[in-house]
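Each chain gets a letter, A, B and so on, in the order the sequences are listed, and its residues count up from 1.
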Amino acid sequence: EAQVTQNPRYLITVTGKKLTVTCSQNMNHEYMSWYRQDPGLGLRQIYYSMNVEVTDKGDVPEGYKVSRKEKRNFPLILESPSPNQTSLYFCASSYHHRGGYGYTFGSGTRLTVV
Amino acid sequence: KNEVEQSPQNLTAQEGEFITINCSYSVGISALHWLQQHPGGGIVSLFMLSSGKKKHGRLIATINIQEKHSSLHITASHPRDSAVYICAVRSPGNQFYFGTGTSLTVIP
């Protein structure tokens, strides 16, 4: 089944404790991206990647890191999480050409930083 | 700054009604997406448009590139259409910008 898999689905952590949220896709998509969704603000793009070893900042990259060492994986790293990073996070992927045809989202990761 | 504006924010309809959700954007785009998010959070891509009109079942999406405007129509609405509908645009530089969503409730 074609899908984007995020892990974990739920995570509660403490301020300053490094964490990684994993994202993997099995559709051979070039484009992958991370978003956060907050009440009243909607979805905002954190980082995106056009292909292996190519990453770019989105609207709200501060406090986050990403890497794209393999085409299928695009982990989101919070080196020192803070309470303002409490949010619902989505990973998504698509083909790069044709404007993002076949855009597929993961199921989301609800992160709470205390 | 709001690159993407949606209206209305909230919409309640009776089952069977024709529904329209509007999206206006201020940036250049390579494509526009309509997304659906059900309670529980999962997001599904309904349409990707770069011109004209697309139809899938009871859903129709249109885009007017010159006016920077898109509409999502639902014909013969049903309670299972109740969800948040989100307009998203992909810039030529491959960044995504999102509207804040339209919360639709369809009453039986």
May I ask you to check whether over 12 heavy atoms, not counting those of Arg44(A), lie within 6.0 Å of atom CZ?
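Yes.
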
Is it the side chain or the backbone of [X] that comes within 4.5 Å of chain A heavy atoms, both, or neither?
X	answer
Leu32(B)	neither
Gln37(B)	side chain
Ile86(B)	side chain

List, one per line, each side-chain donor-acceptor pair under 3.5 Å for residues 71-80 of chain B, sequence neighbours excluded.
unit_1   : atom_1 : unit_2   : atom_2 : d
Ser71(B) : OG     : Asn22(B) : OD1    : 2.9
His73(B) : ND1    : Thr20(B) : OG1    : 2.8
Thr75(B) : OG1    : Arg58(B) : O      : 3.2
Ser77(B) : OG     : Gln14(B) : O      : 3.3
Ser77(B) : OG     : Gly16(B) : N      : 3.4
Ser77(B) : OG     : Glu17(B) : N      : 3.2
Ser77(B) : OG     : Glu17(B) : O      : 2.9
His78(B) : ND1    : Arg80(B) : N      : 3.1
His78(B) : ND1    : Arg80(B) : NH1    : 3.4
His78(B) : NE2    : Arg80(B) : NH1    : 3.4

Evaluate the side-chain proximity of Thr109(A) to Leu76(A): yes if any heavy-atom separation is below 4.5 Å, no if none is.
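A side-chain contact under 4.5 Å is absent here.
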
Are Val89(B) and Trp34(B) in one and the same hydrophobic cluster, where Ile, Leu, Val, Met, Phe, Trp and Tyr link if side-chain heavy atoms are under 4.5 Å apart?
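Hydrophobic grouping puts Val89(B) with Trp34(B).
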
